[in-house]
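The next block holds one structure in the form of structure tokens; read it before the comments.
For clarity, every value in this text was computed on a predicted model and none was experimentally measured.
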Amino acid sequence: LLTIDIQGIDRFEFNNIEIEEDGLKQAHINLLVDWKDIKIAKEYEFLAQSLEQILALHPIYQKQLINMQLDSLTWVCQRWLEILPISIDKKYSITQQQDMQTVINFVKEIVNK
């Protein structure tokens, strides 16, 4: 069993996904326009604070704590989308949104629950 961890730098979508006989998956990607960076407003600080607390508990993120961009609402929402326990279909649908406000509203609603 081979596991490969990847780290994305830009937003993208998968196209033409193929699964080879040995189970190896290959796909082409299209780059998407990055969401505009939005500085965090007072009303959304709870998203950054709760995210920081959660990430501090997970070993995979502990090494990255110094690189947190908790003053960026865009960055905070992207990290929430990584860890929220929602269906992959819903996650894909949200990450394909062009309007960052739609993403913010979704994350805020889920975290408030």
Side-chain angles (χ1 to χ4, degrees):
L1 177 64
L2 172 66
T3 301
I4 301 172
D5 291 329
I6 61 171
Q7 180 180 7
I9 297 172
D10 297 308
R11 290 181 61 228
F12 62 90
E13 64 182 352
F14 290 109
N15 292 308
N16 303 327
I17 300 171
E18 298 176 9
I19 302 175
E20 296 182 5
E21 287 183 22
D22 61 1
L24 180 65
K25 297 176 184 176
Q26 293 190 20
H28 296 275
I29 62 163
N30 287 332
L31 293 179
L32 301 173
V33 176
D34 283 338
W35 289 319
K36 179 182 174 190
D37 187 38
I38 300 171
K39 295 298 176 194
I40 202 154
K42 189 82 167 162
E43 68 180 295
Y44 299 112
E45 285 181 354
F46 76 96
L47 292 174
Q49 292 166 352
S50 54
L51 177 68
E52 183 177 28
Q53 291 170 355
I54 289 171
L55 295 184
L57 299 174
H58 293 282
I60 194 169
Y61 289 103
Q62 287 176 349
K63 293 178 184 176
Q64 299 173 5
L65 290 177
I66 58 172
N67 296 326
M68 285 193 196
Q69 299 173 31
L70 296 172
D71 61 339
S72 168
L73 184 56
T74 305
W75 185 89
V76 167
C77 286
Q78 289 172 324
R79 300 300 74 77
W80 271 116
L81 289 174
E82 289 174 1
I83 65 173
L84 282 172
I86 56 176
S87 73
I88 194 70
D89 292 335
K90 184 64 175 174
K91 198 173 282 200
Y92 184 77
S93 172
I94 293 297
T95 59
Q96 299 307 302
Q97 299 295 314
Q98 296 299 318
D99 178 23
M100 187 63 201
Q101 192 59 50
T102 303
V103 177
I104 294 167
N105 292 342
F106 175 79
V107 170
K108 181 181 175 184
E109 180 180 335
I110 296 291
V111 173
N112 273 334
K113 289 181 181 181

Taking the side chain as everything from C-beta on, heavy atoms only, tell me whether [X] gets closer than 4.5 Å to [Y].
X: Trp75; Y: Met68; value: yes
X: Gln78; Y: Leu81; value: no
X: Val111; Y: Ser50; value: yes
X: Asp71; Y: Lys39; value: yes
X: Ile104; Y: Trp80; value: no
X: Arg79; Y: Ile83; value: no
X: Glu13; Y: Gln96; value: yes

Ser72 side chain vs Asp37 backbone, donor-acceptor pair below 3.5 Å: no
Any donor-acceptor pair under 3.5 Å from Gln97 side chain to Ser93 backbone: yes
Residues Phe106, Ile86; criterion side chain to side chain contact (heavy atoms under 4.5 Å, CB included); working and verdict: CA-CA 11 Å; Phe106 175 79; Ile86 56 176; 3.8 Å; yes
Any pair counted as salt bridge (Lys or Arg N to Asp or Glu O under 4.0 Å), so long as it reaches residues 86-113, sequence neighbours left out: Glu43-Lys108, Glu109-Lys113
Hphob cluster co-occupancy, Ile110 + Tyr92, side-chain heavy atoms under 4.5 angstrom: no
Ring centroid separation Phe12 to Phe14 under 6.0 Å: yes
For the student: nearest non-hydrogen atoms of Thr74 and Lys36, plus distance: OG1-O, 2.8 Å
Considering all heavy atoms, the nearest Asp10-Asp34 contact: OD1-OD2, 3.7 Å
Could you state the interatomic distance from [atom1] ([X]) to [atom2] ([Y]), rounded to the nearest 0.5 Å?
X: Trp35; Y: Thr95; atom1: CH2; atom2: OG1; answer: 6.0 Å
X: Gln101; Y: Cys77; atom1: CD; atom2: SG; answer: 9.0 Å
X: Leu73; Y: Ile40; atom1: CG; atom2: CD1; answer: 5.0 Å

With Val107, the side-chain contact (heavy atoms from CB on, under 4.5 Å) member among Ile94, Leu47, Asn112: Leu47
Would you list the atom pairs, donor with acceptor, under 3.5 Å between side chains in residues 21-33 and any protein atom, with sequence neighbours excluded?
from	atom 1	to	atom 2	distance (Å)
Asp22	OD1	Leu24	N	3.0
Gln26	NE2	Glu20	OE2	2.5

